[in-house]
Amino acid sequence: MEIIKSKHYLINTDFEIMNSLFDQLTEKGITRFEELSLKLKQLHITNFNELLKFISNDECDQNISIICENLLERLRFAVPDREAVLTSSNEVGMYLTDKLAGHKQEQLWAIYIDNSNHIVAEKQLFIGTLDKSVAHPREIFRWAVIYACAGFIVVHNHPSGNLMPSKSDIELTKSLQSCAEMMHIDFLDHFIVGKGQYFSMQEHQLF
């Protein structure tokens with residue numbers, strides 16, 4: 001991002017961000033994928049969690065770190081051409097794990113679906129430390145009515161990677177189930193995701 005006038009900014013395009021990353025790698029003597037692969041092995045980076053940890057600490061070149069953070073943020077908001085259809089708990093869990101990967105603050109999202117398990121909408125509802133007083137069911141169901149969905153899934157992330165639900169998580173889940181029964185909207189699951197893994201409250205029969 002380049003400042004061109006007070007309170008005015010020139011936002012780089014996706015292509016420009018990718019080119020900036022390639023330019024930075026070229027300056028480091030990396031011009032081929034084989035060289036990049038060798039460098040990752042030297043740094044003992046074997047998965048995306050280790051890569052994210054590396055670009056977030058002081059070992060990584062500052063310019064590369066900033067570009068990678070921008071690139072990851074663009075990828076999080078990228079819209080795939082195909083319409084997502086959720087057919088199994090594992091598929092949903094992996095989809096949501098990818099969706100919230102790398103976020104450093106706790107967030108709560110609702111995924112609204114139709115009768116054919118197509119995603120109608122995805123809505124970020126809360127950000128920051130969650131508890132039952134903040135994550136109130138009325139906001140979740142307000143959007144369920146607006147989207148006229150058949151059912152919904154809620155998901156929140158634990159940036160620490162500890163997927164065990166808290167007392168507030170379980171209380172919110174039970175409250176959502178009670179409201180869903182009253183409104184005749186299917187509450188399908190509550191997922192907790194973090195560090196490439198997920199926890200399904202439905203699979204663990206917590207509601």
Side-chain angles (χ1 to χ4, degrees), residues 1-82 84 90-109 111 122-131 134-135 154-166 169 191-200:
M1 184 169 65
E2 178 185 346
I3 301 176
I4 57 175
K5 192 183 292 185
S6 176
K7 296 185 180 180
H8 289 77
Y9 300 90
L10 180 62
I11 305 299
N12 292 327
T13 66
D14 296 346
F15 185 74
E16 287 170 336
I17 291 176
M18 288 189 292
N19 268 341
S20 295
L21 178 59
F22 297 148
D23 289 342
Q24 289 293 323
L25 291 175
T26 299
E27 288 183 14
K28 301 294 181 184
I30 299 172
T31 59
R32 297 183 302 160
F33 282 111
E34 293 86 351
E35 294 167 342
L36 178 59
S37 177
L38 179 61
K39 185 63 177 180
L40 292 174
K41 287 179 181 178
Q42 291 172 348
L43 294 170
H44 305 292
I45 296 173
T46 59
N47 57 52
F48 287 113
N49 285 329
E50 291 170 352
L51 178 61
L52 185 63
K53 184 177 179 180
F54 174 75
I55 65 174
S56 300
N57 64 35
D58 295 335
E59 296 178 54
C60 184
D61 178 89
Q62 185 178 17
N63 290 329
I64 292 178
S65 179
I66 293 171
I67 293 169
C68 285
E69 289 282 359
N70 287 334
L71 188 58
L72 286 172
E73 194 65 23
R74 295 292 177 91
L75 286 171
R76 291 182 191 121
F77 288 98
V79 179
D81 292 333
R82 60 186 179 85
N90 180 66
E91 188 176 78
V92 176
M94 295 311 298
Y95 174 81
L96 297 175
T97 297
D98 290 342
K99 181 175 184 63
L100 294 181
H103 287 285
K104 298 173 184 177
Q105 275 188 293
E106 196 166 330
Q107 301 181 17
L108 177 71
W109 287 69
I111 312 297
E122 304 178 13
K123 189 74 178 175
Q124 182 192 76
L125 297 172
F126 305 99
I127 186 167
T129 302
L130 302 179
D131 58 42
V134 174
V154 294
V155 55
H156 76 278
N157 62 318
H158 284 178
S160 67
N162 178 9
L163 301 184
M164 290 305 297
S166 66
D169 294 337
F191 285 85
I192 301 172
V193 300
K195 296 199 172 179
Q197 301 182 70
Y198 72 87
F199 180 96
S200 161

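As a basis for the values below, the full set of heavy atoms in this structure was taken, side chains included, without hydrogen atoms, waters or symmetry mates. Everything numeric in this text was worked out from a predicted model, so none of it was measured.
To the nearest 0.5 Å, atoms CD1 (I67) and CE (M18) are separated by 12.5 Å. In this structure, NE2 on H156 lies 13.0 Å from CG on L125, to the nearest 0.5 angstrom. Interatomic distance, CD of E69 versus CD1 of I17, reported as 12.0 Å (0.5 Å rounding).
Taking a 6.0 Å sphere around CD of E34, one finds it holds more than 12 heavy atoms contributed by other residues, nucleotides or ligands.
Proximity of L25 to L21: side-chain heavy atoms (C-beta onward) are separated by under 4.5 Å at one or more points. A 4.5 Å side-chain heavy-atom check between E106 and I127 finds every atom pair outside the cut-off.
No donor-acceptor pair under 3.5 Å is formed between the side chain of S65 and the backbone N or O of S56. Formation of a donor-acceptor pair under 3.5 Å by the S20 side chain with backbone atoms of E16 is found in this model.
With sequence neighbours left out, S160 forms a side chain to side chain contact (heavy atoms under 4.5 Å, CB included) with H158, N162. In terms of the side chain to side chain contact (heavy atoms under 4.5 Å, CB included) criterion, residue partners of E27 (sequence neighbours excluded) are, by chain and number, Q24. Every residue was checked against the ring-ring contact (aromatic ring centres under 6.0 Å, His included) condition with F54, not counting sequence neighbours, and none meets it. Qualifying salt bridge (Lys or Arg N to Asp or Glu O under 4.0 Å) partners for D61, counting only residues two or more places apart in sequence or in other chains: K28. Listed by chain and number, the residues in a side chain to side chain contact (heavy atoms under 4.5 Å, CB included) with T97 are V193, Y198 (sequence neighbours excluded).
Residues D169 and S166 bring a donor and an acceptor atom of their side chains to less than 3.5 Å of each other.
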What donor-acceptor contacts under 3.5 angstrom involve side-chain atoms of residues 40-47, with partners at least two apart or in another chain?
| from | atom 1 | to | atom 2 | distance (Å) |
| --- | --- | --- | --- | --- |
| T46 | OG1 | E50 | OE1 | 2.9 |
| N47 | OD1 | N49 | N | 3.1 |
| N47 | OD1 | E50 | N | 2.8 |

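When all heavy atoms of E122 and I111 are compared, the pair lying nearest together is CG-CD1, 3.8 Å.
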